[in-house]
Each structure stands twice: as structure tokens, then as C-alpha cells.
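Only one structure is covered here, and it is reproduced in the block below.
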Amino acid sequence: MKTIVNPRQMQREASKLKQEEKRIAFVPTMGALHEGHLCLIRRARKTADVVVVSIYVNPTQFGPKEDFKRYPRPLTQDKKLARQAGADIIFAPQNLYEPDASTTVSESLYSQGRCGKSRPGHFDGVTTVVTKLFLMVQPDVAIFGQKDAQQCDVIERMVRDLYFPVKIIRVPIQRDRHGLALSSRNQYLSPKEYQLALALPRALKRAAQKYDVAKAKLAKQRVKKELQKYFHVVEYVTFAGGALCAAVKVGKTRLLDNVRLKKKIA
Ligand code: AMP
């Protein structure tokens with residue numbers, strides 16, 4: 001497995017692979033890899049000749065009061081895990097922004113509401129960095145997790161609108177044995193916070209199973225009320241893309257989850 005840190009070198013390597021008619025699968029991550037990321041890498045391995053995994057904690061998708069500085073960066077361990085899961089190239093740039101960068105890529109429909117509302121500017125950071133990464137890695141296919149469902153919606157729209165020659169694959173959410181969606185941020189949780197965090201998938205799952213389209217508004221209110229018993233901040237509870245989605249905070253840690261709705265009853 002190769003490690004590349006220079007964006008131009010990544011671009012040259014990708015162009016060379018293209019000339020050799022190699023199919024490139026790409027998994028963008030911010031590192032602190034867990035089983036959720038590894039499933040994406042394994043999926044990539046099945047679809048292409050060369051698997052590129054990027055590890056880059058992208059500053060522009062964090063708000064000023066968010067956890068950019070303390071975000072975990074265990075690069076050595078990440079490389080080992082990525083290699084075992086099937087990565088051929090780790091792309092771990094130090095920085096992807098010129099100090100006076102003045103270009104951003106922005107999506108204006110799917111990025112509204114949900115996380116877009118509670119994290120202003122977040123999706124502009126995502127679309128901008130994913131565009132840069134696509135231009136460097138030149139993937140045929142890119143793999144994203146349904147854990148960040150709104151991010152998938154935004155990226156799919158961006159790829160369509162900008163005619164990126166990239167196929168987007170979504171991989172289902174990977175959970176731990178107690179049902180909590182895996183996340184690099186879960187390591188911030190104290191044991192007590194972890195127990196509280198389990199209320200999120202529990203409430204979503206229960207409501208999604210009982211979903212009745214005629215009572216959707218009531219269901220949302222019920223889930224919100226239920227979550228407020230456990231979390232001091234419930235950012236949103238909403239139905240989107242055939243799933244019940246929510247974001248909450250436990251202590252300083254933001255948790256995001258969604259559960260697919262069962263067959264619609266009404
Ligand atoms: P991140 O490192 O948090 O930016 O995530 C990188 C990619 O991994 C994104 O496409 C995420 O949606 C995906 N991902 C993160 N956690 C999970 C999970 N529990 N299950 C599936 N995919 C995930």
C-alpha cells in the first residue's frame with residue numbers, strides 16, 4: 001500500500017492509472033477509521049482495480065465552535081486498518097486549501113434543513129472538498145455511508161449537476177452490538193453518555209417500525225419528546241429519503257442517525 005500526501009502527486013498517480021485503464025474506487029474519510037469506514041473500503045475493493053482511501057480532516061466543514069482541533073487523528077493505526085480492508089493507496093494530504101482560496105462549490109437544495117440548518121456552511125465545506133478530492137483521485141466510483149444520509153443526497157445531486165464521471169454507491173449504516181451507529185466521535189463518549197446515546201437508535205427504530213404516513217407529524221413529535229428525555233439538545237427529527245432522521249447532542253458530542261422506514265402502512 002502506497003501513501004501519498006501531495007495533491008499533485010495524487011493527481012499524477014491517478015492519471016497514470018487511468019492511462020493503464022484501471023478502474024479507481026474512492027473512499028473519502030476524515031480518518032479515525034472504524035468498522036463503518038472499513039465496510040466502505042471492502043465495498044470499494046469489490047468494485048475496482050485500485051482502491052484509494054483519503055484521510056483528511058477537512059477544516060471547512062467544521063463550524064467555529066465545533067471539534068476540528070480535537071478530532072482524533074490516529075494515522076498509523078488508520079493506515080494499518082485501511083490496508084487490511086483492501087486499500088491500495090492512502091491519500092493523506094496535510095492541507096487542501098491555498099491561504100487565499102476564493103472558490104467554493106455549493107449545492108442549494110438538499111443542503112438545506114436538517115444538518116444544513118444546525119451546521120451553517122457545513123455542506124459547502126463538504127461539496128468543495130469532495131470536488132477537490134474527485135479532481136485529484138479521478139475515481140470511477142466513490143463510496144459513501146448512509147450514516148450521513150443528507151451528505152449522500154447532496155453529493156449525488158452535485159455529481160449529477162456538475163457531470164462528474166463518478167458513480168456514487170451508498171453503504172448501509174454499520175452499528176455496534178448495542179445498536180449505536182459507529183462514528184469516529186463515539187470515542188468522546190463517557191460510559192454514562194454512551195448509555196444515554198443508545199436512546200437515539202432505540203427511539204428511531206421503534207418509530208420507524210410503526211410508521212404510518214397519515215400520522216407522520218405526530219410520530220415526529222413523539223420521537224422528539226422521547227429524545228428530549230435523554231438529550232439536552234435535539235437538533236431535529238424528520239422524515240427524509242424514506243428514513244427517519246435525527247441529530248442530538250449528548251454532552252459535547254453530536255450524534256447523527258437514521259433508520260429506514262418499514263413498508264408504508266397508509
Ligand atoms: P467520516 O470519516 O465521518 O467523514 O466518514 C467517512 C465516510 O464513512 C462517510 O461516507 C460516512 O458516511 C461513512 N461512515 C461513517 N460512519 C459510518 C457508519 N457507521 N456506517 C456506514 N458508513 C459510515
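Counting convention: from 1, in listed order, for ligands and their atoms alike. Residue numbers start at 1 and run along the sequence shown.
Atoms of ligand 1 lying under 4.0 Å from at least one heavy atom of I173, given by number and element, are 20 (N), 21 (C). Near F144, with a cut-off below 4.0 Å to any heavy atom, the atoms of ligand 1 are 10 (O). Ligand 1 places these atoms under 4.0 Å from at least one heavy atom of M30: 1 (P), 2 (O), 4 (O). Every atom of ligand 1 with a heavy atom of L182 under 4.0 Å away is listed here by number and element: 16 (N), 17 (C), 18 (C), 19 (N).
With salt bridges taken as basic N to acidic carboxylate O contacts below 4.0 Å, one links K229 and E226. Under 4.0 Å is where a charged nitrogen must lie from a carboxylate oxygen, and between D148 and R170 no such pair does. Between R254 and E66 there is no salt bridge, since no side-chain nitrogen of the basic residue lies less than 4.0 Å from a carboxylate oxygen of the acidic one.
A heavy-atom separation below 4.0 Å is found between H34 and ligand 1. P172 counts as a contact of ligand 1, since one of its heavy atoms falls under 4.0 Å from the ligand.
Residues F239 and Y211 bring their aromatic ring centres within 6.0 Å. Aromatic ring centres of F91 and F26 lie farther apart than the 6.0 Å criterion allows.
Geometrically, ligand 1 and I143 share no nitrogen or oxygen pair separated by less than 3.5 Å.
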Inset, instruction - Applying salt bridge (charged side-chain N to carboxylate O under 4.0 Å, His left out), run through K117 and E235 and close with a yes or a no. - result: CA-CA 9 Å; K117 192 169 171 205; E235 285 183 4; over 6 Å; no
Inset, instruction - Take V57 and F68 through the side chain to side chain contact (heavy atoms under 4.5 Å, CB included) test and state the conclusion after the steps. - result: CA-CA 8 Å; V57 185; F68 173 67; 3.7 Å; yes
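Looking at atom 23 (C) of ligand 1, its nearest protein heavy atom turns out to be K147 CB, 3.9 Å. Considering only non-hydrogen protein atoms, atom 10 (O) of ligand 1 sits nearest to G145 N, 2.9 Å. The protein heavy-atom contact nearest to atom 12 (O) of ligand 1 is D148 OD2, 2.6 Å. For atom 20 (N) of ligand 1, the closest non-hydrogen atom of the protein is Q174 N, 2.9 Å. In terms of protein heavy-atom proximity, atom 1 (P) of ligand 1 is closest to H37 NE2, 3.7 Å.
Contact annotation: for L40 versus ligand 1, heavy atoms closer than 4.0 Å belong to the side chain alone. In P28, the part holding a heavy atom less than 4.0 Å from any atom of ligand 1 is the backbone. Counting heavy atoms under 4.0 Å from ligand 1, residue A32 does not touch it at all.
A cation-pi arrangement is found for R70 relative to Y188, the charged atom lying closer than 6.0 Å to the ring centre and inside a 45° cone about the ring normal.
Both L196 and L180 are members of a single hydrophobic cluster when ILVMFWY side chains are connected at heavy-atom separations under 4.5 Å.
Side-chain contact of Q9 with R12: a donor-acceptor pair under 3.5 Å is absent, judged by distance alone.
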